Amino acid sequence: MSRQFVFLLPVIVIAAYWGMARYDAWRGRDSASRSFVQRNGLVLSTFLVVAVGFWTLFMVALPYLYMMQESFHPSLWPKDRGGPLDVLTLEHYEFFVYGMQSDTQVTYNFTHGKAFVVTILISLAVTGINFALCYPIAFYLAQVATLQKVRLLMLALILPYWVNEILRAFALRILLASEGILNKVLQYSGLSDAPIDFLAANVGLYMGLSYAYLLIMVFPLYNGIESLDKNQIEAARDLGAPWWRIHKDVVIPFAKPGIASGCTMVFMLSAGSLAAPQFLGGPNTLWFTSIVYDFFFQSFNWARGSAYALILLLACIVFVMIVLRAFKVSLGEITR
Amino acid sequence: MNSRTVLRAMTALYLLIFFGYLFGPLMIMAASAFNSDSYPTAYPIESLTLKWFWVLLTDRDMMLGLKNSVIIGIGVVCVSVPVGLAGSIMMTQIYPRARSLYYLITVSPVLTPGVIIGISTVIFWKDFSELTGTKPYIYNGIILAILGQSSFISAYSMLIIMARLTRFDRAQEEAALDLGASYPQVFWHILLPFLKPALLSAAVIAFLSSFENYNTTTFAILADKTLVTVIAGKVRQGTTPALSALGVIIILITLVGAVAYEYLKRREEAASAQRLREEGGAAAEG
């Protein structure tokens, strides 16, 4: 029943808007005098409707809705699907909170709860670190450097990003390994006597995440700061503002959309990251996406995997909303 | 020493640290590709060798993955550039009350973790293809990877094309219409040529994003493999300098591409500056 509803929902929404559009046209409030097909011609209209329709419905809306409803079904063998066992249930969400239930007492699923909290907190920290690392360079590129320098540095920024995420994680692993170059340098210089296990201490994970999404932070910040009129900074300086006040009261308020955009993207990417935790995470660190991955590929429990994916999605939506609210920007401004 | 020199020195130091962080790990990886030690390390150098490049080229999984990655990349370009174009034009024409919902739906894949896009694609298309009896044709790794990746890469292209579309001069369109052109003619002869640079950069970005995608692909690819999932499998099993060799190849290709791009751009700029000067001269004479 719920499966049919997934297909029905977009039809209802489109019909509702269609009805409204007809109603507006009938009331004479529709400013466009020509209809969509008249305007674009038959070939172009068909292309637009088919392309956009396929994308928004079959690639975005329906898969999301379908995953959502799947998470409210029990995990069943194919032969039982649609049968009497296939009822709506909250068992996967209950599992996230309570874990395996025993009859005698109420227990909580600390392992997964902890993984969720750790994922969110580390992602927040990575977002903060990247902002701190990238703000100066973005400001330098946008306001200080000469055009020649900007082009050279931009090129230098983009180059490492053509090497894919996994190879970059691999590069960090070579660097941080206990036989790796960093440990050799530390021991040789006498700063430590035994090799330090950076990966077990999660240094690799933090570095991997921040390293992977450095550029994702630099570009929105650069775009945000670049359009600021240099005269505003000059004026503030002439009026005697110290450098930190220029940033706090002039540059940062101006660059809000860029900051919001960079922070949202970095948070989302690191919370949903799979490569860095898999290849650089310490043995005791459980990342939330790794749990989802295991539900799919080890226990083949797709329904529970969907429920967990949905929980992650919810966390990301909450974060985006908080950022939008805190920076008082609209969704359109941060996706530019 | 005045405050300006201090500021200069601080800036230089900061840039050094920043770019050191950016390039350091890659350089060490590159160095380890030439070291014969079978555990990838840059120091001590056991002896210099090129054997890891040979190991890489004779790896059948890697080559198969590379082939699939290219197929998927081309597929994604073919889907997401037209879809992005349609999406951006639709944005200007859609019923105004539906616009915010439409915008939300089209950009939501950009703000959704790739893992979730991969999962939802697989779950939906498995049942949907079963329901419509098209499972043997649709439900395979390559098609699903194209569908999953295109959902967010189309949004990238749409945003790129929209950025250029906002600079489109409506007066051109009106002039053409006044001169008797139809709307489809305006589309083919005015709008499309105007959008050409944006379409090209959307295509390049679509291919690259597809080629190096891991999070969505690892779910959507099912039993097949792409270059990135093969690499991931190798990193999971342990480390081998063959991966460093791959990194070196990618860095070299990128460097050549970047230098060529820079060269072309400079030449183009010089040519346009030259043209401008000539026009200026002609105007002064006339």
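Quantities reported herein were computed from a predicted structural model and do not represent experimental measurements. Reminder, nothing fancy here: chain letters follow the sequence lines and each chain counts from 1.
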Supply the atom-to-atom distance [X] [atom1] to [Y] [atom2], rounded to the nearest 0.5 angstrom.
X      : Y      : atom1 : atom2 : value
B:F18  : A:Y140 : CZ    : OH    : 13.0 Å
B:F19  : A:L157 : CZ    : CG    : 4.0 Å
B:F187 : A:L48  : CZ    : CG    : 7.0 Å
B:L191 : A:L44  : CG    : CG    : 9.0 Å

(message) For B:F219 and A:F297, I'd like to know if the aromatic rings sit close, meaning centre-to-centre distance below 6.0 Å.
(response) yes
Locate the shortest heavy-atom distance separating [X] from [Y]; write the atom from each residue and the value.
X      : Y      : value
B:L111 : A:M268 : O-CG, 3.2 Å
A:G272 : B:P113 : CA-CB, 3.8 Å
B:S244 : A:I174 : OG-CD1, 3.7 Å
A:M59  : B:L147 : CE-O, 3.6 Å
A:A275 : B:N215 : N-OD1, 4.4 Å
B:A232 : A:I166 : CB-CD1, 3.7 Å

Below 4.5 Å from any heavy atom of chain A, which atoms of [X] appear? Answer side chain, backbone, both or neither.
X      : answer
B:T121 : backbone
B:V79  : side chain
B:M158 : side chain
B:L15  : side chain
B:S150 : both
B:L208 : side chain
B:Y21  : both

Do you know which of [options] has the most heavy-atom pairs with chain A at a distance under 4.5 angstrom?
options                        : value
B:P82, B:G114, B:P109, B:S154  : B:S154
B:V115, B:V122, B:T106, B:V186 : B:T106
B:A30, B:G118, B:A155          : B:A155
B:I231, B:I250, B:T112, B:L227 : B:T112
B:I253, B:I251, B:T218         : B:T218
B:R236, B:K234, B:M90, B:M162  : B:R236

(request) Please list, in residue-number order, every residue in residues 310-317 of chain A that has a heavy atom less than 4.5 Å from any heavy atom of chain B; write 'none' if there are none. (result) A:L312, A:L313, A:C316
(request) Please identify each residue that fulfils side chain to side chain donor-acceptor pair (under 3.5 Å) with B:T166, with sequence neighbours left out. (result)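 In terms of side chain to side chain donor-acceptor pair (under 3.5 Å), with neighbours along the sequence ignored, B:T166 is linked to no residue.
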(request) On the 0 to 90° scale, with breaks at 30° and 60°, tag the B:W125-A:F54 ring pair as parallel, tilted or perpendicular. (result)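 Tilted, since the angle between the ring planes falls between 30° and 60°.
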(request) Check whether A:Y17 gets within reach of chain B through its side chain, its backbone, both or neither, counting any heavy atom under 4.5 Å. (result)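 Both backbone and side chain.
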(message) Please classify the contact between A:M68 and chain B as side chain, backbone, both or neither, with a heavy-atom cut-off of under 4.5 Å.
(response)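 Nothing of A:M68, per the 4.5 Å heavy-atom cut-off to chain B.
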(message) Using the ring pair (Phe, Tyr, Trp, His ring centres under 6.0 Å) definition, which of the options A:W302, A:Y64, A:Y66 pairs with B:F124?
(response)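 With B:F124 as partner, ring pair (Phe, Tyr, Trp, His ring centres under 6.0 Å) holds for just one option, A:Y66.
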